[in-house]
Structure formats: C-alpha cells, structure tokens
Chemist: 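Provided herewith is a single structure, encoded as structure tokens, for subsequent inquiry.
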There are 2 protein chains.
Amino acid sequence: MNIGEIAQRAGVSRSTVSYALSGKRPVSEETRRKIQQVVDELGYRPSASARALANGRTSTIGLVFPPAGNHYTGMQLDFIGSVVEAAAAYDYDVLLSPSGVDSDRSFQRLLGERRVDGAILMEIRLADDRVDHLAELGFPAVAIGRTARPEGGWWVGLDHTALAAACVHHLADLGHRRVAFVNRPEQLLRAGYESAHRGLDGFTKAAAERGLTVRTYCCGDDAASGQACVERILHDDPATTALVTLNEAALGGLYRGLAQAGRHVPRDFSVTGVVANRWAETVTPQLTAADVPAADMGRLAVELLVERLDQPDAAPRHHLLAPPISLRASTGPAGAPPTPDAGPDTTA
Amino acid sequence: MNIGEIAQRAGVSRSTVSYALSGKRPVSEETRRKIQQVVDELGYRPSASARALANGRTSTIGLVFPPAGNHYTGMQLDFIGSVVEAAAAYDYDVLLSPSGVDSDRSFQRLLGERRVDGAILMEIRLADDRVDHLAELGFPAVAIGRTARPEGGWWVGLDHTALAAACVHHLADLGHRRVAFVNRPEQLLRAGYESAHRGLDGFTKAAAERGLTVRTYCCGDDAASGQACVERILHDDPATTALVTLNEAALGGLYRGLAQAGRHVPRDFSVTGVVANRWAETVTPQLTAADVPAADMGRLAVELLVERLDQPDAAPRHHLLAPPISLRASTGPAGAPPTPDAGPDTTA
DNA sequence: TAGCTTCGCCGAACCGGTTCGATGAAGCGA
DNA sequence: TCGCTTCATCGAACCGGTTCGGCGAAGCTA
C-alpha cells in the first residue's frame, strides 16, 4: 500500500496526494477530503524510508549510549528516558547507538549511513575525539557534558567542579577536617571522563582552600566496591570523619562499609556528594547531596539539538547547571575522632 | 557522495559497485579492488534510507519503551542495555519508542511508517492489546513478559508465580507465619501488569498452601512509598515478621521503614522478593531474593526476534526463566512476635 | 470575445540504493 | 573455425516518497 494506490483510489495523481497530506501546496477542499477519506479507510501511512530518501531528513536523532561493560547507573536511565520523551514531543525518534567495544563502527552506522539527523552524546571526556570529530564535520550534535575546551560548542553540562566544592564547603562548615573523596572507577578517570576529573578538581581545590586533610579514591560502580573502598579509607586514615562521592552506584556499599566499621551516619561520619535524587532518597539516612537533574539535562539537550536542526546557522548555545545541595540526613557536625585502638575492624 | 560517484571514479557501472560491495554476484578481483580503493579513499558508506527503501528492510528493531510517567526501575535499564548490545551483535540498530501518553501514535510511527523490521515489547499486561494487535498483523515481535494466553507466541518471560511462591516457601520454612506482600503500584496492578498479577497469585496460593496469615499491599515505585508501606503493614498487623516484595524501587524505603520501627533485619524481620541483583546487593543487609536476570532476558529477546526475522515461517518459541533464590542476609528464622505494647512507633 | 491571471492538478525527474535480464568477450571442445 | 557455455559487466526498472515546471479550465477585465 503506497502513495500510488491512494492516488488511484482517489482518482488523482501521486503528487496531489503528497501535497494534500503535507499541505505544501494548496489543494481544493473537495479533493483533500476525498484523499483523506481513502487514507483513513486504508490506514495508509507514508514510508519513513522513502520520505527520508526523498527529503534527506530521517526525523531520528541518535543517542550515543555509554558502553555496557561498565555498569549502568540510574542517572543514565533518567537521561535516556527524558531524551526519548522530549524527542517524541518534537516528532523525532531516538536511535540508540552503543559506543561500546567498537565505537567507530556504530558511529559510522549513525553518521556514515545517514540514519540520524543529529546526535546526543553521553559520557563526555575532557579530550573527546567524538565531539571534536563531529564539530569538524559540522554535524549537528549536542553533548551531555563538556570537554576541556567547551567554548563554541553545543552542550548541556553539570558544574561538577562547583558541586564538589560545595560539598567540601558544606563539610568544612560542619567542622570536618579529614575528608575522603570517592570517585568513579579508575578506568573512567584514566579515560578522562569529565565528571570524574572536574569533580576531583573541585574537591581538591576547595579542600586546599579550607585547609582540609584529604585522600582521594577511585571506586568501582557497584556496592561491593563501595564497601571495600570504605574499608580502605578507614584503614588509611581512621580519623577520617566524612566523605564526598560522585559514585551513586557504590553508595549502598559505602553505607554498608561504614555500618560495618561501626561508624554511625551522620553521628560519627558524614556522607555527601553528587548523586541523582532517586538514589539519595533510597539510602538510610537519606543523602545530603547535590541532586543531578538528569531529566532536565536530557530535555535541554533535545531542545538544543532541535534548535540546531531547525536553524543550521544558529550560534552555539549551552546550559551549565549547578543545582543546590539538598539537605537531607547524612551529614552532621564533626565529633571527636575515634581513638586509634577503637578503630574499625579491618582485618582484610 | 553516492554510489554513482563511486562508480564513475572506479570506471564501472553503479550496479557493479553494488555487487562488489554486497557480494551478491561475482565481481572480478581486479574490479573489486579498484572499487574498494575508491570507497576507502572517499570514505563512502551507502545510505541507510536508500537501502531500506530498495530492499524493504531497515536493519532496525523497535524497543517499545515503558511510559516515563512511572519511575523507571533499574531493571528496565538492564533490559535496554542488553537489548542494544545484543542487537548490535546482529547488525541491528535499536529505535526507542515511548509507549507513554500517546501509545497509538508512536506505534503508528514504528509499524505504519515501517521504521523497524521487528519489535520488542516491555511491560506486558495480561490482556495486552499491543501483543494481540501485532500477532494479528503477523508482525515480527517478541515480548519481554507473557500475556494471560501466551501459547503460540514469541516471548521471554520470568516465572513470577513460581518465584513469588519460592519466596513464600523460603519464609515458611524459616517459621514465619504472618507475612506481607509488597506489590508494584496499584495503578499497574489495575492496568493488568503481568508481573504484579502473577507475583500476587503465586504469593497468595503458596501462602494458602502453607497456611500463612497474609496481607497484600500495593506500593509506589519510590523510597518514600516503601517507607509508608511498612508503616501500614506494621500498623495493620504488628505481629507481621516478614515481607515479600516485587518492588525494587521501594526497597530502600522498606528497609528504612523497618529500621524506624525498630525492627532489625533479619533478626526481628525477614525481607525477600524478586529483584534485580544490583539492587539486592545495594541494601544492607543484602537481600535474599530471586535475582531477575534482566540482561539475559534482553539478549534472549533479541535472539528470538532475529531468528524470527531470518525465518519468517519459524514456529513460535519462548523462554520461561525461573532463577533460584540467592541466599544473602535479609532473612532468618522467625523469633517470638513482639508483645503488642512493645509495638512500633506508628503515630501516623 | 480575446487576453490575462489564478487556481488546481498532472507528469516527470529525482533521492540512492538493489536487482533482473541482457550483452559482449573470453574460453572451450569439436 | 564455428558454436556453445561461462564470466564479468552494464543498463534499466524499481522501491515510495517529494518537488518542480507546466498546462488546462475557470474567473476576471477590457
């Protein structure tokens, strides 16, 4: 069932059907009604492939998906959900592209084979060749995250530096002097993930400003790693009284490690960080944290991309978000550090 | 840059280029090399739209995405990730379709406009008109979940009935006599979601078999609802000593509610259920639960769909999974029920 | 009524691939 | 040397839309 059949049954030419449906040229009311009737009767819908071939637009945007090897975090799901939803509002479909093992290949599929009109990139690195590559090509893309040189680019970012610093100040104001930083996994830090780097920077600088004694750790994206990480922290410096984390997937493990070491949150130990609010509210006590507005970011990314697609010559725009810290129940004033021999049981 | 330009530069016809690249007809080694050289030089990739139009296959599968209004659960993310990954292995892209507010519209986009070769459906209901509709059309689709009449269909399912029953038997074996069931939100139950219904059935029947006293509850997909739900449970029957849940998003709240009521898990109260293992391991103590093999299910769904696409006349196949309960740390023998006046503080 | 504009529709070309039938050259045996 | 097959390649049609230029009929003015 194609446009030719509709034309035949309506007794008009194919082009007339096309114009009647698209409205790009006037069609008499009578003809339009007749065509619409046949269309409704047969439930005709134009082929997306044919339309895409003819007018060069697929009405699809690509979402470059983080590799599956790393565990997904809840944040990513919120991104995806909000991107899909926002895209639907603008009549775009979303094509997922795994930028995993063979990222070149899937990139080629998306761009080389012209499956999408534009792309949204997740999991940005400070030096991100994908972003550079797309910028060179002039391909419409929006990054969720920003590279080391974000000037003149299209992106939606979170001010990880400021957020991590805000966490430090919050803890310092409460009197904490020895604070640990729990980052994303080491492989991501080494790969140059921006959140890991900017978060670490913000933490380190703010801590120096406030004269805090700090240690920084990388931690796998799962509960077991979080637990192990706390053991290391308390082993390395039992006088530590607080930690800041970017690692939401490890959060449950961090809490477990603290409980097992006999540190009560927030009485003996304060925890804060940058985490999607869904996770912050899941743990007990609920986490005082800068809530990552993942859904907003996804929506904003789509809006920027649509704007760019509609006006190819538009000047680059971006959004840098810095949500405030939500005070919940996981931080409190620093108490007296535990005496050395009352330290945690870390016989590992 | 199209196939014509490649042909011109290689000094051959367009059809020869097509055959050289697809291998569907023999091409002399010399010509093939020449063409390949030009292709590599120019970085040519055939247009997906044109190819799709010509041979009627888009190399894309649709993933019908649950509505965003409900919070996403971690399980869904695992589904999506594994589907994308498995599809990539078979050279398929994945198009996300929000089956949210206006599900007819996005369905029309996918099928009517022929954007995808096949579809994978999530969040199946016992009476699911989407499944019925696709079956009528003979459209290649695989459901993650099964309807009330799954015979003769293509699906990958979890045996929620058996899993919920296994949880009951586990608790009954430990001596628990008064057990609560924490289901997904009421709106999902009313909408006929299969996991909510089959889980409830399995729980109810097994509990009857074992002569347990039970109460069943619906609970919102978030921590606050979980906490409120525990308060209701202990208010309705303070002698309750265990609960079974399907609601992983509420899990953190359930734990918090129990802690606040002064019930220690697992000493005073046992918790178990059907939950993705990532969540089961996040809470403290770790949850003894039937681990939902979300990643396996996604992969299997893709494999079934690919099989169906390759052999349109293949007989319907399915996989019904019933993973064993992983014994962790959240269940224990039932102790003496608390005396009435030592009941929890539920002044709500 | 001739001449002009306006309106509504048609036919043809095009987007970029795939595929079928045909054609010409080379290879082979008789 | 002729006729047959085999092989590599070509040209044209096709997939199902969109879009441009043109054309006939109707409506208007003079």
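Proteins come first, then strands; the chains are lettered A, B, ... in the order of their sequence lines, and each starts at number 1. On a predicted model such as this, the values are computed, not experimentally measured, just so you know.
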Chemist: In chain order, what residues pass the ring-ring contact (aromatic ring centres under 6.0 Å, His included) check against H318(A), with sequence neighbours excluded?
Modeler: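 In terms of ring-ring contact (aromatic ring centres under 6.0 Å, His included), with neighbours along the sequence ignored, H318(A) is linked to W155(A).
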Chemist: Atom CG in L300(A), atom CD in E307(A): separation rounded to 0.5 Å?
Modeler: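 These two atoms lie 11.0 Å from each other.
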Chemist: So what's the dot-bracket for DNA chain C: Watson-Crick or G-U pairs under 3.5 Å, [ ] if a pair crosses, | if it pairs off-strand?
Modeler: ||||||||||||||||||||||||||||||
Chemist: Please classify the nucleic acid contact of S18(A) as base, sugar-phosphate, or nothing, using heavy-atom distances under 4.0 Å.
Modeler: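 Touches a base.
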Chemist: Where does the chain A footprint on DNA chain D start and end, counting 5' to 3' with a 4.0 Å heavy-atom cut-off?
Modeler: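 That gives a stretch of dG16(D) to dG22(D).
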Chemist: Check whether any side-chain N or O of R114(B) sits under 3.5 Å from a backbone N or O of R45(A) as a donor-acceptor pair, and report yes or no.
Modeler: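 Answer holds: yes.
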Chemist: Rounded off to whole Å, could you give me the CD-to-C1' distance for the Q8(A) and dC10(C) pair?
Modeler: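 Those two atoms, CD and C1', are 15 Å apart.
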Chemist: In whole Å, what is the span from the CD atom of E30(A) to the C1' atom of dC9(C)?
Modeler: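 About 13 Å, once rounded to whole Å.
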Chemist: Can you measure Y19(B) atom OH to dG21(C) atom P for me and round it to whole angstrom units?
Modeler: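 One finds 10 Å between P of dG21(C) and OH of Y19(B), rounded.
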Chemist: Pick base, sugar-phosphate or nothing for S15(B), based on heavy-atom distances below 4.0 Å to the nucleic acid.
Modeler: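 Base contact.
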Chemist: Within the structure shown, what part of the strands sits under 4.0 Å from S47(B) by heavy-atom distance: base, sugar-phosphate, or nothing?
Modeler: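 Answer is sugar-phosphate: S47(B) comes under 4.0 Å of backbone atoms only.
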Chemist: Please give, in whole Å, the distance from dT19(C) P to L21(B) CG?
Modeler: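 Taking atom P of dT19(C) as the reference, CG of L21(B) is at 13 Å.
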Chemist: Just to confirm, is there a sub-4.0 Å distance from OP1 or OP2 of dC10(C) to any side-chain nitrogen or oxygen of S13(A)?
Modeler: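 Yes, within the criterion.
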Chemist: Of V17(A) and P26(B), whose closest DNA chain D nucleotide lies nearer the 5' terminus?
Modeler: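 This one resolves to P26(B).
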Chemist: Out of the candidates I80(A), V83(A), L304(A), V156(A), only one should pair with I120(A) under the side-chain contact (heavy atoms from CB on, under 4.5 Å) rule; please name it.
Modeler: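 Going through the options one by one, the only one that passes is V83(A).
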Chemist: CG of L63(B) to CD1 of I144(B): how many Å apart, nearest 0.5 Å?
Modeler: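 So the CG of L63(B) and the CD1 of I144(B) are separated by 7.0 Å.
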